[in-house]
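Scroll down for the structure; my scribbles are underneath it.
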Amino acid sequence: MEITILETRDINIEDVLVLYKANEWSSASKPNELYNGLLNSETLVTAWEGKKLVGLGNAISDGFLTVYYPHLLVLPEYQGKGIGKLILDKMQEKYSHFHMQMLTADGKSVDFYKKNGFERAGKTEPMWIYQGNEH
């Protein structure tokens, strides 16, 4: 298995929807908003096996001090093979020097992020107004 990591916006909505539906993310029910949101992120990193989109991650940032990672997904059959780490490493090439890198993790992703240097943000409580239903 050869995985290529790219910082590209050359993706199509059908591939994105396959990835999001496979992971049961509710944002797949808003395909146009999801696609435009990804394309308008400051950074979009994709993982490919040949021409097959197998993972992606995005970042929203002020460009200097703070970055937020909203999405990091890998097709379920490709999980546990280091692809998420490759995507995160690509993000770290760009953002490791930032004062604050933020994300929201739940379920099995908590352990993944802890293994990659993230920790609970002090005594903070995650808060949101959320339109989805998968949490």
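For reference, positions follow the sequence shown, starting with 1. Given the structure is predicted, the values throughout are model-derived calculations rather than measurements.
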Value rounded to 0.5 Å, distance of CG in Leu17 from OH in Tyr35: 10.0 Å

Heavy-atom closest pair, residues Val54 and Leu19: O-CD1, 3.9 Å

Which atom of Pro70 lies closest to which atom of Trp25, heavy atoms considered: O-CH2, 4.2 Å

Main-chain N/O of Asp62 paired with Thr66 side-chain donor or acceptor, under 3.5 Å: no

Taking every non-hydrogen atom, the tightest pair across Gln79 and Val74: NE2-O, 2.8 Å

Val110 with Leu73, same ILVMFWY side-chain cluster at under 4.5 Å: no

More than 12 heavy atoms from other groups under 6.0 Å of CE on Met1: yes

Ser96 side-chain N/O to Glu93 backbone N/O, donor-acceptor pair under 3.5 Å: no

Pairwise side-chain contact, Lys90 with Glu7, heavy-atom cut-off 4.5 Å (strictly under): yes

Aromatic centroids of His71 and Tyr20 separated by under 6.0 Å: yes

Side-chain donor/acceptor of Thr43 to backbone N/O of Ala59, under 3.5 Å: no

Nearest-0.5 Å distance, CG of residue Asp10 to OG1 of residue Thr46: 8.5 Å

Flag, side chain of Arg120 to backbone of Glu125, donor-acceptor distance under 3.5 Å: no

Salt-bridge criterion met for Glu49 and Lys81 (N-O under 4.0 Å): no

Residues in salt bridge (charged side-chain N to carboxylate O under 4.0 Å, His left out) contact with Asp89, at least two apart in sequence or another chain: Lys85

Point-to-point distance, once rounded to the nearest 0.5 Å, from CG of Asn116 to CG of Asp111: 11.0 Å

Trp48 to Asp15 - nearest heavy-atom pair and separation: CZ3-OD2, 4.4 Å

side-chain contact (heavy atoms from CB on, under 4.5 Å) between Leu86 and Val45, worked out: CA-CA 10 Å; Leu86 291 172; Val45 175; over 6 Å; no

Nearest heavy atoms of Ala47 and Ile83, plus distance in Å: CB-CG2, 3.6 Å

Test item: Ile60 and Glu42 side chains (from C-beta on) under 4.5 Å apart, heavy atoms: no

Shared-cluster residues of Leu65, by chain and number - hydrophobic side chains joined below 4.5 Å: none

Nearest-0.5 Å distance that lies between atom OG in Ser27 and atom CG in Leu38: 8.0 Å

His99 NE2: over 12 foreign heavy atoms closer than 6.0 Å: no

Of all pairs that satisfy ring-ring contact (aromatic ring centres under 6.0 Å, His included), the ones with a partner from residues 72-95, not counting sequence neighbours: Tyr95-Phe98

Criterion side chain to side chain contact (heavy atoms under 4.5 Å, CB included) against Leu39, the qualifying member of Leu34, Asn58, Ile11: Ile11

Sub-4.5 Å side-chain heavy-atom contact between Phe118 and Gln101: yes

Atom pair CE (Met127) and CD1 (Ile129), whose distance is rounded to the nearest 0.5 Å: 9.5 Å

Heavy-atom side-chain proximity of Leu88 to Phe112 below 4.5 angstrom: yes

Closest contact, heavy atoms only, Glu77 versus Lys52: OE2-NZ, 3.9 Å

Gap between atom OG of Ser109 and atom CG of Leu103 - 0.5 Å precision: 8.0 Å

Any side-chain heavy-atom pair of Met100 and Met102 under 4.5 Å: yes

